[in-house]
Amino acid sequence: MKKSFKAIIQAIIVIMALLTVAAWHTSSAAAADTSLQRVKQRGELIVVTSPDYPPYEFMVNENGKSKMVGMDIDVAKKVAKDLHVKLVMKSMNFDSLLVAIQTGKADMAIGGINPTNERRQSVDFSKIYYSGGQSFLINSKDVNKYKSAKNLKGATIGAQTGTLQYGLAKKRIPNSTVKGMDKSTDLVLALKTNKIDALGIEKPTAEAYVKNDPTLKMISSGYNLNKNDVGAAMAFKKGSGSLVNAVNKSVDQIQKKHLTDKYLAAAGKYMKVNTVNTSMFHYWTYFAKGVEYTLLISLVSTFFGVVLGVILALMRFSKQKWVRGLAISYTEFIRGTPLMVQVMFVYFGIGVVINIPALISGMIAVSLNSGAYVAEIIRGGINSVATGQTEAAESLGLTKRDMMQYVVLPQAFRNIWPALGNEFISLIKESSIVSIIGVTDLIYQLNIVRADTYRGVIPIFVAMVLYFIMTFALTRILNHYEGKMKHAG
């Protein structure tokens with residue numbers, strides 16, 4: 001037990017060392033400002049956003065294809081055009097945007113980000129390109145109850161996690177309960193289903209929802225805020241002065257020519273269009289793409305998870321203590337940490353040293369996670385093989401390798417097939433976590449449809465049905481092969 005604990009401590013030290021190297025890499029890169037030069041040499045401006053915040057950024061269905069639109073998207077296009085580079089947009093959760101630029105996953109973050117003093121400690125900001133103000137969304141039936149923000153005292157208020165609105169509600173609304181969620185679409189659904197009483201949100205976004213949903217109303221926040229608290233700016237990695245200066249030239253033109261008015265008008269047209277046909281059949285390509293990526297991630301992760309699981313299980317039976325200790329440490333560490341944290345560590349943490357695409361990062365994280373659980377299942381299966389089987393194999397002169405390959409493992413897999421099948425089925429559902437880093441799986445596409453249609457429940461129901469179909473079909477396949485194994489046995 002002491003040796004296992006020691007091995008776990010050693011594993012943690014290795015991980016901490018990796019984080020230290022990543023931090024050193026980050027600080028070294030910041031020492032010399034080559035931010036603008038890198039963008040110019042690459043010929044691309046990589047921008048991250050959370051496209052669930054109309055009219056700033058949101059997804060629409062145009063000719064059967066998803067398209068990212070909104071005022072912020074037009075601002076980013078203007079910046080890329082002025083820099084004479086190609087614009088590459090990436091999607092992820094709002095609370096991951098600043099992490100993405102800090103770890104080098106993107107050059108710039110945009111998304112109605114308020115350049116507060118707290119955020120300025122971690123990232124650089126451009127000049128403010130738009131000032132919208134703060135508001136609350138409420139249900140229409142509550143207009144007499146919540147005539148102004150003063151009436152929200154003691155209410156349950158929702159706000160997007162990591163936003164200014166979340167902090168303001170906690171500080172400025174007395175005795176209120178503040179609930180945070182990652183997506184504004186989830187918060188709107190929570191409001192409409194009476195899970196929260198009001199939703200703290202930027203004024204342009206509140207106006208967009210009210211125009212497209214008669215069950216919602218908007219009231220003023222009543223906040224007395226400075227320009228930094230109500231304005232939107234673009235965020236950059238600390239030490240990106242040359243890139244910030246170049247972007248500020250575009251901001252100056254945007255302000256001088258009042259281009260944000262033009263961009264908001266363009267976004268409004270899309271928002272009028274995307275409520276014409278909100279049937280789920282109209283969005284079948286979205287769901288189909290989500291199913292495709294979900295199955296791809298699950299299949300790849302299952303294959304590598306089984307390979308890794310077999311290796312770890314065999315390591316547990318090694319005569320070398322350090323080999324056993326390494327397998328135990330890995331298994332315990334992976335099973336003791338959430339999959340979401342592992343996904344973020346692979347994408348953002350390791351990604352500081354090696355730039356791994358979101359899809360590949362998701363596959364790696366899910367595979368590593370699955371391998372730990374599969375290892376324990378296989379180890380149990382190996383232990384379940386009768387001692388007489390191995391003794392008989394030894395009496396026939398089989399080597400340990402042949403005995404394991406031809407006698408033990410085949411019987412072990414037959415014994416553990418139901419448990420292994422449950423792991424595969426769970427993997428289809430658990431792989432949905434990769435949507436937090438922008439992988440277009442079924443959950444990701446579900447959120448796009450919800451943001452585009454302003455319908456909260458029906459897209460969720462469709463996703464539930466699709467997940468059930470996938471898992472039910474896999475269950476039938478696994479049961480078929482389980483029956484064949486029993487018949488063969």
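Heavy-atom minimum distance, L446 versus I460: CD1-N, 3.4 Å. Contact detail for A149 and S220: the closest heavy-atom pair is CB-O, 3.5 Å. Residue F58 comes nearest to A267 through the heavy atom pair CZ-O, 3.6 Å, listed as atom of the first residue, atom of the second, then distance. Across every non-hydrogen atom of S370 and L427, the tightest pair is CB-CD1, 3.9 Å. The two atoms that bring L368 and Y330 nearest to each other are O-OH, 2.9 Å, heavy atoms only. Scanning all heavy atoms of the two residues, the minimum distance from V374 to L420 falls at CG1-CD1, 3.9 Å.
In this structure the side chain of I436 never reaches within 4.5 angstrom of the side chain of M92, judged on heavy atoms. Side chains of Y293 and L442 form no contact here, defined as non-hydrogen atoms less than 4.5 Å apart. Proximity of I101 to L98: side-chain heavy atoms (C-beta onward) are separated by under 4.5 Å at one or more points. Residues S96 and F348 have side chains in contact (heavy-atom distance under 4.5 Å, counting atoms from C-beta outward). The shortest distance between side-chain heavy atoms of K238 and V123 does not fall below 4.5 Å. Side-chain atoms of I113 and L97, non-hydrogen and from C-beta on, do get closer than 4.5 Å to each other. Two residues are said to be in side-chain contact when any heavy atoms from C-beta on lie closer than 4.5 Å; Y56 and P51 fail this criterion. Taking the side chain as every heavy atom from C-beta outward, L83 and L36 approach each other to under 4.5 Å.
More than 12 heavy atoms of other residues, nucleotides or ligands shown are found within 6.0 angstrom of OH on Y467. Within a 6.0 Å sphere centred on NZ of K217, heavy atoms belonging to other residues, nucleotides or ligands number 12 at most.
In this structure a side-chain-to-backbone donor-acceptor pair under 3.5 Å is missing from N114 to L164. For T471 (side chain) and F468 (main-chain N/O), a donor-acceptor pair under 3.5 Å exists by modelled atom type. K105 places no side-chain N or O within donor-acceptor distance of the main-chain N or O of I46, the cut-off being under 3.5 Å. Side-chain atoms of S240 come within 3.5 Å of backbone N or O of K237 as a donor-acceptor pair. When atom types are taken as modelled, the side chain of S367 and the backbone of M363 share a donor-acceptor pair closer than 3.5 angstrom. A donor-acceptor contact shorter than 3.5 Å is absent between the side chain of K192 and the backbone of T215. With N93 contributing its side chain and D182 its backbone, the two residues share no donor-acceptor pair below 3.5 Å. A donor-acceptor contact shorter than 3.5 Å links the side chain of T193 to the backbone of L189. Checking side-chain atoms of N369 against main-chain N and O of A365 turns up no donor-acceptor pair under 3.5 Å. Remark: side-chain polar atoms of R120 are paired, donor with acceptor, to backbone N or O of P115 under 3.5 angstrom.
One side chain, Q165 or Q134, offers a donor N or O that lies under 3.5 Å from an acceptor on the other. Residues Y444 and S91 bring a donor and an acceptor atom of their side chains to less than 3.5 Å of each other.
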Practice task
Start with the C-alpha distance between V307 and I311, add both sets of side-chain angles, then the distance that settles side-chain contact (heavy atoms from CB on, under 4.5 Å), and finish with yes or no.
Solution key: CA-CA 6 Å; V307 171; I311 293 172; 4.1 Å; yes
Problem - Residues S35, S242; criterion side-chain hydrogen bond (donor to acceptor under 3.5 Å, both in side chains); working and verdict - result: CA-CA 6 Å; S35 53; S242 58; 2.9 Å; yes
Exercise for the section: Check the pair V88, L45 against side-chain contact (heavy atoms from CB on, under 4.5 Å), reporting the backbone distance first and the verdict last. Expected result: CA-CA 6 Å; V88 177; L45 179 67; over 6 Å; no
Problem - Derivation of the salt bridge (Lys or Arg N to Asp or Glu O under 4.0 Å) call for K78 and D74 - result: CA-CA 6 Å; K78 166 68 174 171; D74 287 331; over 6 Å; no
Handout entry: Full working for side-chain hydrogen bond (donor to acceptor under 3.5 Å, both in side chains) between Q160 and Y166
Key = CA-CA 6 Å; Q160 200 169 7; Y166 186 91; over 6 Å; no
Exercise for the section: Show your working on side-chain contact (heavy atoms from CB on, under 4.5 Å) between V306 and F424 and close with a plain yes or no. Expected result: CA-CA 10 Å; V306 170; F424 299 158; 3.9 Å; yes
Handout entry: Stepwise side-chain contact (heavy atoms from CB on, under 4.5 Å) test for S431 and S298
Key = CA-CA 7 Å; S431 63; S298 300; 3.6 Å; yes
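Atoms CG and CE, from L187 and M181 in turn, are 5.5 Å apart once rounded to the nearest 0.5 Å. In this structure, CE on M340 lies 13.5 Å from CD on E430, to the nearest 0.5 angstrom. Distance CD/E376 to CG/L312: 9.0 Å, rounded to 0.5 Å. Distance check, rounded to the nearest 0.5 Å: OH of Y129 to OH of Y263 gives 11.5 Å. One finds the CZ atom of F94 at 8.5 Å from the CD atom of E57 (value rounded to the nearest 0.5 Å). Here Q255 contributes atom CD and Y130 contributes atom OH; the two are 11.0 Å apart, rounded to the nearest 0.5 Å.
Salt bridge R42/D107: present, at least one basic N to carboxylate O contact under 4.0 Å.
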